[in-house]
Each structure stands twice: as C-alpha cells, then as structure tokens.
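Predicted, not measured: the structure shown is a model, and the values here were computed from it. Order of the sequence lines sets the chain letters (A, B, ...), proteins ahead of strands, with each chain counted from 1.
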2 protein chains.
Amino acid sequence: MTSSLPRDMFDRACPSRVMPFQIGDKWTAMVVLCLEHGPRRFSELRVPLRTVTAKVLAETLRAMQRDGLVVRDAYDENPPRVEYSLTPLGRSLLTLIEAARAWCAENMADLLAARAAHESRRDGPRPGGG
Amino acid sequence: MTSSLPRDMFDRACPSRVMPFQIGDKWTAMVVLCLEHGPRRFSELRVPLRTVTAKVLAETLRAMQRDGLVVRDAYDENPPRVEYSLTPLGRSLLTLIEAARAWCAENMADLLAARAAHESRRDGPRPGGG
DNA sequence: CGGTATCCTGCTAGATACTG
DNA sequence: CAGTATCTAGCAGGATACCG
C-alpha cells in the first residue's frame, strides 16, 4: 500500500473551490487526504497538490505540526528524506471531511444549479425578448 | 420563537478562528446559525455578528443568495424592511455545522494543547534550565 | 432602515533565487 | 531532496461617506 499519489487526485475529488466550506487553510484538507493511507514525503505531496508552491506547502505543514495534526520525521540520509504523517488528531479530521463530501454528493448539484440560474438572470433575463 | 439574537452568540459558540475549518466565507456559517430559527432582518444579523461591516455582510448575503442558500424578501413599507431566510439548501448546511461542532467538542482541547506545547517549546525550551 | 460607492490597508500566496 | 529568503501582486475586508 501507500503507492504513489495520483496527479489528478483533486481534479476529481473537488470541483475544488465551489465547495461551500473549507477545512483549515486552503490546502489542509487535501494534505490530510494525501496522508490518509500512510506517511508521505514532501515532494510526494507536491504531485497531487501540483498548483501549490513549496513555500505555501511548507507553511501549511508547519501550521499542521503546530496544531498537532501531523508529525514530521527527518531521516539523516543522503539524499535527505523527510516524511509527514497524520497524528490521531489529524486523522480525526477525516470524519469531518467525509461529512463534507457527503454534503457535496447530496447538494452540490442544487448549489450549482442555483448559481447557474443566478448567472442567466444576470446575463440575459429579457422576460419578453428571449 | 425567533426572539432577538444575543450579542454574545458567537463569543460562546466558537473560540472562533481556532476552528480548523470554515463553512463558505468567513461569516457564512454564522449567518446560517443566525437564520436557523426563522427569518432575520439585516440589522438584526449585525447584532451577534458585531464585528462585521455592512459592506462585508451585504457581500456575504449576496453570495449566499447566488448559491441558493438564503432568500431575500423586501417589503415595501416605511421604514423599509428586508428579511433573509434559509432555503432548504441553506438549511442542509446545519448538519455540516453540527458535525463541525461535534469535532470541536471532542478534539479542540487536544488541538489547543498541541498549540500551547508548541508555543512553550518556541519560547523557552531550556531542557536543563527550567 | 438597508444598503452602495470609494478609498485604503494588511495579509495570503505566487515567482524567483538560493542553501544544507 | 527539502526546504528558506525576498520581493511583489491581488484581493478580502475595514473605514468612511453617501443614497433611496
């Protein structure tokens, strides 16, 4: 297990920014999902999270360490190796993420429909002309 | 029912910004909670949400209308009266908010403890001196 | 009362270059 | 590989003034 993470992991998972909620910072929930099945290296995380810069990912991981959501293990090898993994506390967020996904599965279509209806009202209502 | 909203509604509810997740924009979840038991007027919402400016509250409510989470009803009276209420879609967010609260009840203490431990490590580790 | 318009600022996050 | 340092741009959100 813990085979390498798919590049399109979050292309499928979230029509991302339309979700009406967010766990922690922008990337926190996705990091949790990436670590769900075992420890991952820094550059391994950058594969599915491919639009995140090293700086921002490092900041995200530091914040998550501070909050006790992940632990960082550095091995004194060459080339250097660092692994991040979920703590029990971080793992507990998975239930919340599951709830969020369930909400999406049930209600996202309605939200998107409402948004589309709003758009068409804005662009071309024309009650008698179209 | 729908008596006026308490000023300290969110002082108690959330040690706000420490929650490791957020529903929608900064104020969305709180607006949903405010509307849980019935329609509310604009200025009524500003009581518990007292640090939000009119501009930002108006923007939040417009975004929520766009997404079909709330409806806006304007009555042609003097003085003017406008009421906001939850749609079924908006109401469906309550289950998610409940899940978030449950997580907090169970895990917030751990998160805060981790953060405090991190702080003391940063300020004065002094392994042999204190 | 229920907003809008305008200006301004702080913070987030991107690009780029560099280090152990 | 796994980051850090520095600079900068964009935008959310605050203050203030004004409108129907």
Side-chain angles (χ1 to χ4, degrees), chain A residues 2 4-5 10 14 16-31 34-35 38-67 70-85 122, chain B residues 2 4-5 10 14 16-31 34-35 38-67 70-85 122:
Chain A
T2 65
S4 70
L5 297 167
F10 296 110
C14 359
S16 268
R17 304 285 141 238
V18 290
M19 297 224 306
F21 35 70
Q22 194 180 302
I23 314 277
D25 292 322
K26 195 174 174 185
W27 303 99
T28 306
M30 291 184 243
V31 170
C34 287
L35 298 179
R40 297 287 179 183
R41 302 175 64 159
F42 187 85
S43 44
E44 228 179 333
L45 293 173
R46 297 192 68 184
V47 174
L49 273 29
R50 60 180 184 279
T51 64
V52 76
T53 59
K55 179 191 144 199
V56 171
L57 180 55
E59 285 166 357
T60 301
L61 289 167
R62 267 203 303 273
M64 293 178 74
Q65 286 172 73
R66 182 202 56 188
D67 287 352
V70 302
V71 290
R72 177 183 185 278
D73 289 301
Y75 300 92
D76 202 2
E77 301 172 359
N78 193 315
R81 183 163 60 97
V82 175
E83 286 191 341
Y84 293 90
S85 48
R122 203 175 57 76
Chain B
T2 66
S4 70
L5 297 166
F10 296 111
C14 0
S16 266
R17 305 287 140 236
V18 290
M19 295 226 306
F21 34 72
Q22 193 179 303
I23 313 277
D25 293 321
K26 196 173 172 185
W27 303 99
T28 305
M30 290 183 243
V31 169
C34 287
L35 298 179
R40 297 288 179 182
R41 304 177 65 162
F42 188 85
S43 45
E44 228 178 333
L45 293 173
R46 297 192 69 185
V47 174
L49 272 29
R50 59 182 184 278
T51 65
V52 75
T53 59
K55 179 191 148 199
V56 172
L57 181 55
E59 286 166 357
T60 300
L61 289 167
R62 268 202 304 273
M64 293 178 75
Q65 286 171 73
R66 183 202 57 188
D67 289 352
V70 302
V71 290
R72 177 184 186 278
D73 289 301
Y75 300 92
D76 201 3
E77 301 174 358
N78 194 313
R81 183 164 60 97
V82 176
E83 285 191 340
Y84 293 90
S85 47
R122 204 177 56 78

Taking only side-chain nitrogens and oxygens of B:Arg62, does any of them come within less than 4.0 Å of OP1 or OP2 of C:dG3? no
Test side chain to side chain contact (heavy atoms under 4.5 Å, CB included) applied to B:Val31 and B:Thr28, step by step: CA-CA 5 Å; B:Val31 169; B:Thr28 305; 5.8 Å; no
Take the protein atom CZ of B:Phe42 and the nucleotide atom P of C:dG3, then report the distance between them rounded to whole Å. 5 Å
With the side chain defined as heavy atoms from C-beta on, A:Pro79 is closest, among D:dC1, C:dC1, D:dG14, to D:dC1
Mind running side chain to side chain contact (heavy atoms under 4.5 Å, CB included) on B:Ser85 and B:Val71 for me, showing each step along the way? CA-CA 6 Å; B:Ser85 47; B:Val71 290; 3.3 Å; yes
Rounding to an integer number of Å, can you tell me how far A:Tyr75 OH sits from D:dG3 C1'? 18 Å
Output the distance between atom NZ (B:Lys26) and atom OG1 (B:Thr60), rounded to the nearest 0.5 Å. 9.5 Å
Expressed in angstrom and rounded to an integer, what is the separation of B:Leu57 atom CG from D:dG13 atom P? 12 Å
Reading DNA chain D from 5' onward, which residue's closest nucleotide shows up sooner: B:Val52 or A:Ala54? A:Ala54
So, is B:Thr53 close to the D:dG13 phosphate, meaning a side-chain N or O under 4.0 Å from OP1 or OP2? no
Roughly how many Å is it from CD in B:Glu77 to C1' in C:dG3, rounded to a whole number? 17 Å
Interatomic distance, B:Arg62 atom CZ to B:Asp67 atom CG [nearest 0.5 angstrom]: 13.0 Å
Phosphate OP1/OP2 of C:dG2 contacted by B:Arg81 side-chain N/O (<4.0 Å): no
From CZ of A:Arg50 over to P of C:dG14, roughly how many Å is that when rounded to an integer? 14 Å
Interatomic spacing from CD in A:Glu83 to CG in A:Leu45 - rounded to 0.5 Å: 10.0 Å
Ranking D:dG14, C:dA13, D:dG20 by distance to the side chain of B:Pro80, first place goes to D:dG20
Name the nucleic acid region contacted by B:Tyr84, choosing base, sugar-phosphate or nothing; use a 4.0 angstrom heavy-atom cut-off, strictly under. sugar-phosphate
Within the 4.0 Å heavy-atom criterion, would you say B:Arg72 contacts the bases, only the backbone, or no part of the nucleic acid? sugar-phosphate
Would you say A:Lys55 places a side-chain N or O within less than 4.0 Å of OP1 or OP2 belonging to C:dC18? no
From the set C:dA13, C:dG3, D:dG3, return the single nucleotide nearest to any side-chain atom of B:Ala58. C:dG3
Rounded to whole Å, please give me the gap between CZ in B:Arg40 and C1' in C:dG3. 20 Å
Nucleotide D:dT4, atom P - distance to CD of A:Glu59 in whole Å: 9 Å
Atom CG of A:Asp25 and atom C1' of C:dC11 are separated, to the nearest Å, by 12 Å
Quick check on C:dG2: is either OP1 or OP2 less than 4.0 Å from any side-chain nitrogen or oxygen of B:Arg41? yes
